[in-house]
Amino acid sequence: MKAPCLPAAYLLAACWLAAGAAVADDKPANPAVPAEFRGADLALGERLIREHRCSECHIRRVGGDGSAIYRPTGRIGRPAALLAMVEYCSTELKLQLFPEDVQAVAAVLQRDHYRFKPAP
Ligand code: HEC
């Protein structure tokens, strides 16, 4: 039976976590990183961000290198929201990312821009 994935964003995030954890077992947990992003494939995330030209569109919107679009103190204020946003963009842009892809992309944004602290 498939795990029930209810449509609320935080529940979706929990489902991706479950999926992410399955592929991430062989990596050591990094306690400095929120649980949502642990074990993510950062190289994969970097490649997906390049391939899908995320920055180009963001640059058109905010200028610079596009990173001003990422606002850790705004709407995207916690790891689950970041995961949900990447999933939303993926759907909107019809990227057809797998949950582990979404986690990888979000983990790169976490590392480079959002830097959320792990839950205590
Ligand atoms: C077609 C244009 C476009 C593309 C391509 C695009 N984005 Fe965005 N993205 C936007 C716009 C516009 C916003 C800002 C929406 C707003 O005003 O809050 C945004 C916002 C975001 C945010 C939220 C920023 C914040 O802190 O509020 C994230 C995360 C994000 N994009 C991730 C991505 C990723 C990852 C990709 C590539 C897989 C991507 N985007 C590709 C247009 C785009």
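The shown structure was predicted, so the numbers you read here are calculated from the model rather than taken from an experiment. Basis for what follows: all heavy atoms, side chains included, without hydrogens, waters or symmetry-related copies. Counting convention: from 1, in listed order, for ligands and their atoms alike.
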Handout entry: Atoms of ligand 1 close to Arg61 [distance to a heavy atom under 4.0 angstrom, numbered from 1]
Key = 12 (C), 17 (O)
Exercise for the section: Give the single entry among Glu87, Glu92, His58 that approaches atom 31 (N) of ligand 1 most closely by any heavy atom. Expected result: His58
Exercise for the section: Would you check whether Ile49 reaches within less than 4.0 Å of ligand 1, judged by its heavy atoms? Expected result: no
Exercise for the section: Report yes or no: does a heavy atom of Cys89 sit under 4.0 Å from some atom of ligand 1? Expected result: yes
Fill in the blank from the handout: Note: Leu95, heavy atoms under 4.0 Å from ligand 1, region reported as side chain
Practice task
Classify the contact between Ile69 and ligand 1 as side chain, backbone, both or neither, using a heavy-atom distance cut-off of under 4.0 Å.
Solution key: both
Completion exercise
Honestly, for Arg60 the part within reach of ligand 1 (heavy atoms, under 4.0 Å) is neither
Completion exercise
shortest atom 27 (O) of ligand 1-to-protein heavy-atom contact is with Arg71 NH2, 3.0 Å
Completion exercise
Note: ligand 1 atoms sitting under 4.0 Å from heavy atoms of Tyr70 are 26 (O), 28 (C), 29 (C), 30 (C)
Problem - Check: Gln103 side chain, Leu83 main-chain N or O, donor-acceptor pair, under 3.5 Å - result: no
Practice task
Please confirm whether the backbone N or O of Glu87 pairs with a side-chain atom of Thr91, one donor and one acceptor, at under 3.5 Å?
Solution key: yes
Practice task
Answer yes or no: is there a donor N or O on one side and an acceptor on the other, between the side chain of Arg115 and the main chain of Asp112, under 3.5 Å?
Solution key: yes
Problem - Neighbour count above 12 (heavy atom, 6.0 Å) for Gln96 CD - result: no
Handout entry: Distance in Å, Glu46 CD paired with Leu109 CG, rounded so as to fall on 0.5 Å steps
Key = 10.5 Å
Exercise for the section: Would you indicate which of Met85, Arg53, His52, Arg75 comes nearest to atom 16 (C) of ligand 1 when only heavy atoms are counted? Expected result: Arg75
Practice task
Report the member of Leu93, Thr73, Val105 with the shortest heavy-atom distance to atom 35 (C) of ligand 1.
Solution key: Val105
Fill in the blank from the handout: Within 4.0 Å of some non-hydrogen atom of Tyr114, the atoms of ligand 1 are 23 (C), 24 (C), 25 (C), 26 (O), 29 (C)
Completion exercise
For atom 38 (C) of ligand 1, the closest protein heavy atom turns out to be Cys54 SG, 2.7 Å
